[in-house]
Amino acid sequence: MTGRILIVDDMDSNIRVLSAKLEAEYYDVLIANSGADAILTARQEQPDLILLDVMMPVMDGFETCRQLKKDPITQHIPVVMVTALDQQKDRVDGLQAGADDFLSKPIDDIALFARVRSLLRLNSVMNELRLRDASGRPEGATAAIASLPKSAGGRILVVEESERYGLRIAEKLGEPYSCQVVTDQRAAAELAEQDFDLVLINLATKEFDGLRLCANVRAKEASRQMPILCMINPEERERSVRALDIGANDILERPVERFELRARVRTLLERRFYTEQLRGNLDQSLELAFTDQLTGLFNRRHLDNRLKELSNRASQGAETGVVLMIDIDHFKNINDTWGHQAGDAILQQIAKQIRSSFRAIDISCRYGGEEFVILMPRADLQSAKAGADRFRKAIGGFEFPVEPDGKTIRITVSGGLAVLGADETGEQALARADAALYHAKKNGRNRMIAATKKSEINQVAS
Ligand SMILES: [Mg+2]
């Protein structure tokens, strides 16, 4: 995976070494010599990843990182802190400033590329989500992304070879997290599919194969999005590279230091929270895209998709169904006499009646104006006609309020039905239902008429 990487360092020699390494792997490299320069470049160029030197004059790496993570335009870009001193305090300060990861100078190539690949992979998922999210909203509106409350905990699955070690980790993690310790690989893979927020796996063990467990967790649908944090021994750098490539999100060196453990867990949970919100926003905007705003029924776009599906199944002989088209009689008069507000209220009332009259598996749509279409999968014409008539009679018996003082009117509906045949498209079936509806109107309205065969209308009024 390629990507644009911003290198931030006050020393030209450092920049030269690092950019040569990255360019040799076909990454696009951007350069900044100071914190202020980094912030400006990040805002303008939107790199996929930032490698940030900690020790810089004027504005150091921590402050630069804090500012990048505070700015809505740059906060999603992963930041890797490059620290000269491999000190725990730097790591903790960096994580608190919002850094996503660390590399120590001199930079080890294997570690560098493993981190870069893992973060770029994550970033591409996030970008995809952000783009889809942004496309679902009106221009100029930005996503309302909340941050994870400070007090938020999480359920953590700790996979350790001995229960005693596991419990020690759980103790270090402490409040507000609740931990379950498991020592068996198979049990761990099953538990990971349940209601946990993060899995913590010890890779430095002979009792089970931690890398295989990582792969299992990633492979299963129920745990695919689960954050994985792996613990390794410092001398096992190869394993951590493998783990990151298999899908671990982060690596923690043993012996596990309490602050670093808590900071890394927190960062992973925040990232998951952020991604889930974007997914949530996405679901919501998808829902909006397929729903009619006024009535809450499905819209025509959704109908088109479902009709296509259903008629495909019908053409394969798998199952058939009925399509019903409904129109409110003399609706134009209602709008003209009582106003659009009264008309809208009637449309909403009718939508409500549609929802309660038809089966749960039926797909109810507002087709446009005062027209509705009900798709009835697996229904036969006779029972569909009976359902349509029950709905028609329910509407006929209803008093629709049209004025605040309680004035009500009665209205009627007409409809046409057609079976989804094996030898025609959904559109053709819909056209036959429409033709049947036309006959219902011609024959005095307040009736449901079924088209029995292709282009032949059964004119039996009810
Ligand atoms: Mg420096």
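Since the model is a prediction, treat every value here as computed from it, not as a measurement. Order of appearance sets the numbers: ligands from 1, and atoms from 1 within every ligand.
Among protein atoms, those of element N, O or S found less than 2.8 Å away from the Mg ion (ligand 1) are Asp10 OD1, Asp53 OD2, Met55 O.
Checked for salt-bridge contact, Glu160 and Lys172 miss the test: no charged N lies under 4.0 Å from a carboxylate O.
Proximity of a side-chain donor or acceptor of Arg155 to a complementary backbone N or O of Cys179 within less than 3.5 Å is not detected.
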Acceptor/donor pairs from residues 338-354 side chains to any protein atom, 3.5 angstrom cut, sequence neighbours excluded:
residue	atom	partner	partner atom	Å
Gln348	NE2	Leu294	O	3.1
Gln353	NE2	Ser357	OG	3.1

Under 3.5 Å, sequence neighbours excluded: what are the donor-acceptor pairs made by side chains of residues 204-213?
residue	atom	partner	partner atom	Å
Thr205	OG1	Glu161	OE1	2.7
Thr205	OG1	Glu207	N	3.0
Asp209	OD1	Leu211	N	3.2
Asp209	OD1	Arg212	N	3.2

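Taking the six-membered ring for Trp and thresholds of 30 and 60 degrees, Tyr27 and Phe113 have nearly parallel ring planes, at less than 30 degrees apart.
With sequence neighbours left out, the side chain to side chain donor-acceptor pair (under 3.5 Å) criterion links Arg359 to Asp362.
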